[in-house]
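Start at 1 with the first residue, then count along the sequence. Below, each value reflects all heavy atoms present in this structure, side chains not excepted, and no hydrogens, waters or symmetry copies.
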Amino acid sequence: METPPVKLKYLTTALAAALCITGTGTGFAQDSAPSVAKVTAATPPPKLIVMIAVDQFSADLFAQYRGHFTGGLARLVSGAVFPSGYQSHGATETCPGHSTILTGNHPAHTGIIANNYFDLTAAREDKRLYCAEDETVAGTSSGSGKYAPSVNHLLVPTLGDLMKARDPKAQVVSVAGKDRAAIMMGGRKADELVWLAPTGLTSYRGTLLSPTATQAGTAIAAAIAQPRPGLPLPADCTAQDIGIPVGDRVLGNGRLARDGGDFRGFMASPEADGAVLAAGAALRQARKLGEGPATDLLILGLSATDYVGHNSGTEGTEMCLQMMGLDRELGDFFARLDATGIDYAVALTADHGGHDIPERNRQNGWPAAERVDAALDPDAVAKVVADKLGLPQPLLYSDGPFGDMYLAKTLTAAQRKAAMAEFINRFRAFPQVEAVVTGEELAARPISKQAPDVWSMLDKLRASYNPQRSGDFIVVLKPRVTPIADTSRGYVATHGSVWDYDRRVPMLFWRKGLAGFEQPNAVMTVDILPTLASLIGLTLDANKIDGRCLDLLSGPESSCR
């Protein structure tokens with residue numbers, strides 16, 4: 001008799017019924033097995049690779065909540081643990097981070113230097129490009145949110161692309177909360193690539209969703225339409241229950257309640273991660289991933305932690321509820337995979353870390369934490385420079401008070417030299433600015449081959465620098481300066497800096513029978529591709545990647561073939 005559908009926690013019964021996912025959904029199947037064969041260098045490759053990226057899951061969050069995990073994250077902690085993984089580059093944003101995970105390359109080589117960058121030769125008026133769009137589609141604009149999602153800006157292949165090039169029978173499925181997560185990890189050849197939307201699930205323009213993805217999307221949309229009361233607060237979260245005034249709101253004591261139809265509230269809760277995991281499980285079942293002759297790849301981008309971090313900061317009951325929910329949802333997902341009997345391996349990491357709100361940092365032992373001075377607004381600085389030098393506007397293009405800055409292409413050589421000098425001097429004079437670095441400085445510098453924990457600031461910025469896409473100069477803010485001056489628009493905390501609280505992420509690997517160990521030395525997310533490639537016997541050209549294989553076998557044997 002068929003096992004009844006399983007309900008993922010935080011999701012409606014309608015979602016579970018629509019997906020018809022079979023399996024126990026509770027407990028870990030391997031726990032009841034009488035014995036498990038130890039994974040050795042001679043063990044055949046797993047039939048399924050599950051790559052999970054948890055958006056904004058910093059090494060700090062992992063360390064803080066590690067002792068409280070009892071579900072899926074507790075499972076992964078029993079495997080090969082690298083607690084000091086690094087998104088080693090300087091532009092620690094979502095799109096660049098995801099581009100490193102399954103390409104083995106720094107953003108300097110993936111071409112994904114930021115979530116948004118500027119191409120001053122682009123036909124559109126504002127010259128602003130979203131990392132995962134096709135700007136050649138008429139009538140689109142990244143600034144308005146009406147853009148055509150695309151993988152065009154990614155310059156290198158992903159693991160899935162390489163797997164399918166080796167064996168076209170290999171299947172690749174990518175499901176995420178955000179389009180840029182699904183796209184940057186899924187690559188160009190994914191069999192299915194979808195992400196969450198107010199309508200449930202969506203994909204590229206003109207793409208017809210599969211029947212399973214359509215069913216999942218319908219059920220997810222129904223879940224979004226339902227209101228959700230505040231979640232009960234576990235005992236592990238009571239110490240975090242402290243309200244912090246931020247603008248006209250109080251944060252830190254929320255319960256993630258939302259109104260029906262509130263998609264933003266849905267995304268900032270464990271139910272969004274549950275929806276991605278449920279859709280991933282349904283697509284795995286429908287496509288029989290892990291059951292064919294080739295190794296398959298299931299990619300899952302879990303975005304809720306990032307939305308919670310932006311909305312409420314990295315502390316407080318909101319993040320505690322998210323961490324407990326993420327652990328629980330992953331446990332349900334792994335239990336369902338266990339029930340299939342498939343030999344699967346899991347890798348989990350994050351696209352970047354995160355930084356708590358300065359208001360709470362000041363209460364908790366860091367009085368120097370502050371919000372960026374509104375005077376650092378690049379448009380305001382550009383107006384002063386243009387007026388002083390008699391130059392036309394627009395003179396400077398940027399996506400905020402830090403990061404890449406682009407000088408107008410209409411300037412003469414003499415005007416450009418004068419403007420560059422004036423901008424550099426003015427930005428360096430701000431007390432919240434740590435450094436201003438020119439593109440010329442970075443272009444002349446090789447990418448570091450040292451361990452990422454000893455990289456200089458220039459090393460970090462160089463790993464994000466692409467001469468065709470990066471700015472003329474880069475502004476770096478001092479540590480603990482939050483680049484959000486106005487909190488009335490919703491976001492109160494963010495990431496993107498060169499500092500380690502944004503760079504450090506956990507890297508976890510698990511497979512049934514894999515002897516667990518912990519390696520505290522610094523490794524990089526670009527090491528994940530060669531590590532997984534070696535696990536499945538996929539040959540790589542070492543000259544075309546920045547990462548290295550990490551040995552996942554404890555003892556003298558090596559998984560790096």
Next on the checklist: With side-chain hydrogen bond (donor to acceptor under 3.5 Å, both in side chains) as the criterion, how do Thr349 and Thr525 come out once you've worked through the C-alpha distance, each side chain's angles and the decisive distance to 0.1 Å?
Outcome noted: CA-CA 8 Å; Thr349 191; Thr525 55; over 6 Å; no

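- At distances below 3.5 Å, at least one donor-acceptor pair connects side-chain atoms of Trp499 with backbone N or O atoms of Leu477.
- We find that Glu370 and Arg362 are not joined by a salt bridge, their nearest charged nitrogen and carboxylate oxygen being 4.0 Å or further apart.
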Item to check | CA sep, side-chain torsions, deciding dist, call: Arg128, Asp119, salt bridge (Lys or Arg N to Asp or Glu O under 4.0 Å) | outcome: CA-CA 7 Å; Arg128 184 177 186 261; Asp119 180 357; over 6 Å; no

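- A salt bridge links Lys478 and Glu434; the closest N-O separation between the charged side-chain nitrogens and carboxylate oxygens is under 4.0 Å.
- A salt bridge links Arg75 to Asp338: one of the charged nitrogens lies within less than 4.0 Å of a carboxylate oxygen.
- A pairwise comparison of heavy atoms in Ile244 and Gln363 identifies CD1-OE1, 3.2 Å as the closest pair.
- Distance check: Asp502 CG to Tyr86 OH gives 12.5 Å after rounding to the nearest 0.5 Å.
- A donor-acceptor pair shorter than 3.5 Å can be found between the side chains of Glu315 and Gln64.
- For Ser534 (side chain) and Arg561 (main-chain N/O), a donor-acceptor pair under 3.5 Å exists by modelled atom type.
- Of the N and O atoms on the side chains of Thr158 and Asp161, at least one donor lies less than 3.5 Å from an acceptor on the other residue.
- For the pair Thr100 (side chain) and Gly97 (backbone), a donor-acceptor distance under 3.5 Å is present.
- Rounded to the nearest 0.5 angstrom, Met267 CE and Asn311 CG are separated by 11.0 Å.
- Rounded to the nearest 0.5 Å, atoms OG (Ser558) and CG (Asp551) are 3.5 Å apart.
- Formation of a donor-acceptor pair under 3.5 Å by the Asp472 side chain with backbone atoms of Leu407 is found in this model.
- Contact between Gly309 and Ala493 at its shortest, heavy atoms only, is O-CB, 3.4 Å.
- Side-chain contact between Ile484 and Val372 is absent, with no heavy atoms from C-beta onward closer than 4.5 Å.
- For the atom pair NE2 (His352) and SG (Cys95), the distance works out to 10.5 Å, reported to the nearest 0.5 Å.
- Counting non-hydrogen atoms of other residues, nucleotides and ligands closer than 6.0 Å to CD of Glu518 gives a total above 12.
- Contact check for Met51 versus Leu298: no side-chain heavy atoms found under the 4.5 Å cut-off.
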Next on the checklist: Between Val436 and Ile474, is the side-chain contact (heavy atoms from CB on, under 4.5 Å) condition met? List the steps.
Outcome noted: CA-CA 6 Å; Val436 180; Ile474 298 168; over 6 Å; no

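- Side chains of Asn152 and Glu135: no donor on one and acceptor on the other come within 3.5 Å.
- Note that OG of Ser448 is 14.5 Å distant from NE2 of His89, once rounded to the nearest 0.5 Å.
- Side chains of Ser99 and Asn105 form no contact here, defined as non-hydrogen atoms less than 4.5 Å apart.
- Tyr117 meets the ring-ring contact (aromatic ring centres under 6.0 Å, His included) test with His153; sequence neighbours excluded.
- When atom types are taken as modelled, the side chain of Arg462 and the backbone of Arg445 share a donor-acceptor pair closer than 3.5 angstrom.
- Shown are Ile101, Asp546, Leu159; of these, the side-chain contact (heavy atoms from CB on, under 4.5 Å) with Leu529 is made only by Leu159.
- The shortest distance between side-chain heavy atoms of Val276 and Leu300 falls below 4.5 Å.
- Put simply, the side chain of Asp527 never gets that close to the backbone of Val523: no donor and acceptor are under 3.5 Å apart.
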Item to check | From CA spacing to verdict: side-chain contact (heavy atoms from CB on, under 4.5 Å), Arg469, Asp404 | outcome: CA-CA 10 Å; Arg469 296 180 178 178; Asp404 290 273; over 6 Å; no

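- In this structure, Glu441 contributes its side chain and Thr438 its backbone to a donor-acceptor pair below 3.5 Å.
- Sorted by first then second residue, the disulfide (SG to SG under 2.5 Å) pairs that include residues 515-561, not counting sequence neighbours, are Cys549-Cys560.
- Between the side chains of Gln87 and Thr92, no donor-acceptor pair is found at a separation under 3.5 Å.
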Item to check | Test log, rule side-chain contact (heavy atoms from CB on, under 4.5 Å), inputs Ile52 and Val346 | outcome: CA-CA 7 Å; Ile52 303 172; Val346 181; 4.0 Å; yes

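- Aromatic ring orientation, Phe62 versus Phe57: perpendicular (interplanar angle above 60°, classes split at 30° and 60°).
- Between Tyr397 and Phe118, the ring planes are tilted. Angles from 30° to 60° get that label.
- In this structure, Lys47 does not pair ionically with Asp296, as no charged nitrogen and carboxylate oxygen lie closer than 4.0 Å.
- When all heavy atoms are compared, the tightest approach of His310 to Thr494 is CE1-OG1, 3.2 Å.
- Separating the OG1 atom in Thr314 from the CG atom in Asp306 is a distance of 12.0 Å, to the nearest 0.5 Å.
- Checked by atom type, the side-chain pair Glu133/Ser150 shows no donor-acceptor distance below 3.5 Å.
- Side-chain contact between Asp459 and Ile447 is absent, with no heavy atoms from C-beta onward closer than 4.5 Å.
- Panel note: side chain Trp510, backbone Ala347; no donor-acceptor pair is recorded below 3.5 Å.
- Looking at Tyr465 and Ser470, their side chains come closer than 4.5 Å, going by heavy atoms from C-beta outward.
- Side-chain polar atoms of Asn361 and His355 form a donor-acceptor pair below 3.5 angstrom.
- Side-chain contact between Val492 and Leu251 is present, with at least one heavy-atom pair separated by less than 4.5 Å.
- When all heavy atoms are compared, the tightest approach of Gln56 to His495 is NE2-CD2, 3.7 Å.
- When all heavy atoms are compared, the tightest approach of Ala272 to Ala304 is CB-CB, 4.3 Å.
- In terms of heavy-atom proximity, Pro401 sits nearest to Val475 at O-CG1, 3.9 Å.
- In this structure, Glu93 does not pair ionically with Lys178, as no charged nitrogen and carboxylate oxygen lie closer than 4.0 Å.
- Using modelled atom types and a 3.5 Å distance limit, the side chains of Tyr130 and Arg180 yield a donor-acceptor pair.
- A salt bridge links Arg503 with Asp500: at least one charged nitrogen is closer than 4.0 Å to a carboxylate oxygen.
- A 4.5 Å side-chain heavy-atom check between Ile536 and Ile49 finds at least one atom pair inside the cut-off.
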Item to check | Residue pair Phe423, Val381: steps toward the side-chain contact (heavy atoms from CB on, under 4.5 Å) verdict | outcome: CA-CA 8 Å; Phe423 275 122; Val381 177; 4.0 Å; yes

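- A donor-acceptor pair under 3.5 Å links the side-chain atoms of Gln432 to the main chain of Asp373, judged by distance alone.
- Look at Asp60 and Arg504 and you find a salt bridge, because one of the NZ, NE, NH1 or NH2 atoms lies within 4.0 Å of a carboxylate O, short of that distance.
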